[in-house]
Amino acid sequence: MTRLPEEVHYNKAFGWAAKDSSGVLSPFKFFTRETGEKDVTFKVLYCGICHSDLHMVKNEWGNSIYPLVPGHEIVGEVTEIGCKVQKFKAGDRVGVGCMVGSCHSCDNCINNLENYSVTHGGYSNTMVVDEHFVVSIPENLPLDATAPLLCAGITVYSPLRFYGLDKPGLRVGVVGLGGLGHLAVKFAKAMGTNVTVISTSPSKQKEALENLGADSFLVSRDQDQLQDGIGTLDGIIDTVSTQHPLLPLLGLLKSHGKLVILGIPGKPFELQVFPLIQGRKLIGGSMIGGMKETQEMIDFAAEHNIKTDIEVIAMDYVNTAIDRLLKGDVKYRFVIDIGNTLRPSS
Ligand code: NAP
Ligand code: ZN
């Protein structure tokens, strides 16, 4: 364990961490700070496995620091609060996503965009977080199927709102039917839009249409289907985790259509500008969402009964889950049952 300054008090915690970029996690002991006056400490019950965890574990973005305890789709139950905490009490059901701190004073923070001013750590027994970065989970949402909303949910909800792709009747494409993608379908449908899934996996068609509520399904490697879809969409939410051609996607947009990129491949995209200029199209991006909007998204999910489709796993299954996620073999999010399966000795 690392040596820590003596004047600050810490609590012991445990979880699973990547020790290097091999992609393998193993048990790990560390410290969390004691509950500060504005802090909420909670017992972690469930944590989703986001593809960003894989990018980080394998250092695909080049900024990983080891040992690294991943996990930023975290839900649990409050065990202790600081004396100045106002919104929460012991026993409350809470969630934490990618952020646990920000400067509170820059333009982004003042405008509820703290997401643009991150930590990991939910593959562990406990978290201590400034109450500003904690959201409440309404009673009607199950904790396990809600965990992924803390990252995947807000990541798709925010751009649907920001880019105006939330108006009933608009035609919205969702590229990549994974963790983010299947939630994008659910949120976009709840907002009243007409949703086309654009996928490399023909095997996902039946379920997308029958279970997730998509209106149509397009196989992105099928030239005839791409041809038929030209100029049909008002906007596209692109959740693909690796490099892929943007040109066919721009082709699917109507004039003034918007392609919003959410996936974060480790390598840059190449862009031919002509198809962008013709039709005055726009390519944008978006990163998670601010805290106000994250609570709004959770409340919207509660109102519209939006839950993640999950496979609940035990902590010691995490390395197998990582391999399966890399192969796209999950419908649609692994969630680790931390509360029941993470053991100090495991
Ligand atoms: P995921 O569950 O692995 O889903 C990604 C989907 O992309 C796959 O299910 C697959 O869908 C499609 N795909 C995979 N390889 C492809 C390829 N070579 N060509 C075309 N499509 C491919 O991942 P996720 O957790 O949803 O995350 C997706 C990406 O978003 C990751 O890069 C993650 O880091 C990023 N992310 C960004 C933010 C943000 O704030 N912007 C937040 C969270 C995650 P089909 O089988 O349907 O093709
Ligand atoms: Zn994530």
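Here, residue 1 is the first one in the sequence, and each next residue gets the next number. Keep in mind that what you see is a predicted model, and the values were worked out from it rather than measured. Each ligand, and each atom within it, is numbered from 1 in the order the structure gives.
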*Could you tell me whether the side chains of Thr146 and Lys307 share a donor-acceptor contact shorter than 3.5 Å?*
no
Q | Phe269 ring center near His244 ring center (under 6.0 Å) | A | yes
Sorted by chain and residue number, the side chain to side chain contact (heavy atoms under 4.5 Å, CB included) partners of Leu271 (sequence neighbours excluded) come out as Leu246, Leu250, Leu276, Ile283
Can we say Asp234 and Lys167 salt-bridge, meaning some charged N sits less than 4.0 Å from an Asp/Glu carboxylate O? no
Next on the checklist: Regarding Arg171 and Asp215, does a basic nitrogen lie under 4.0 Å from an acidic carboxylate oxygen?
Outcome noted: no
For residues 324-340, the salt bridge (charged side-chain N to carboxylate O under 4.0 Å, His left out) pairs (sequence neighbours left out) are Glu73-Arg333, Glu207-Lys331, Glu311-Arg324, Arg324-Asp329
Ignoring waters, protein N/O/S atoms under 2.8 Å from the Zn ion (ligand 2) are Cys50 SG, His72 NE2, Cys151 SG
Is the ring pair Tyr332/His182 parallel, tilted or perpendicular, if the boundaries are 30 and 60 degrees? parallel
Does the plane of the ring in Phe30 sit parallel, tilted or perpendicular to the ring in Phe28? Use 30° and 60° as the thresholds. parallel
Notebook entry, point to check: Do Val172 and Val185 pass the side chain to side chain contact (heavy atoms under 4.5 Å, CB included) test, and can you show the C-alpha distance, the side-chain angles, and the key distance before you say yes or no?
Noted result: CA-CA 9 Å; Val172 173; Val185 174; over 6 Å; no
Under 4.0 Å from ligand 1, residues with heavy atoms, in chain and number order, are Cys50, His51, Ser52, His55, Trp61, Cys151, Thr155, Gly176, Leu177, Gly178, Gly179, Leu180, Ser199, Thr200, Ser201, Lys204, Thr239, Val240, Ser241, Thr242, Leu262, Gly263, Ile264, Ser286, Met287, Ile288, Leu325, Arg333
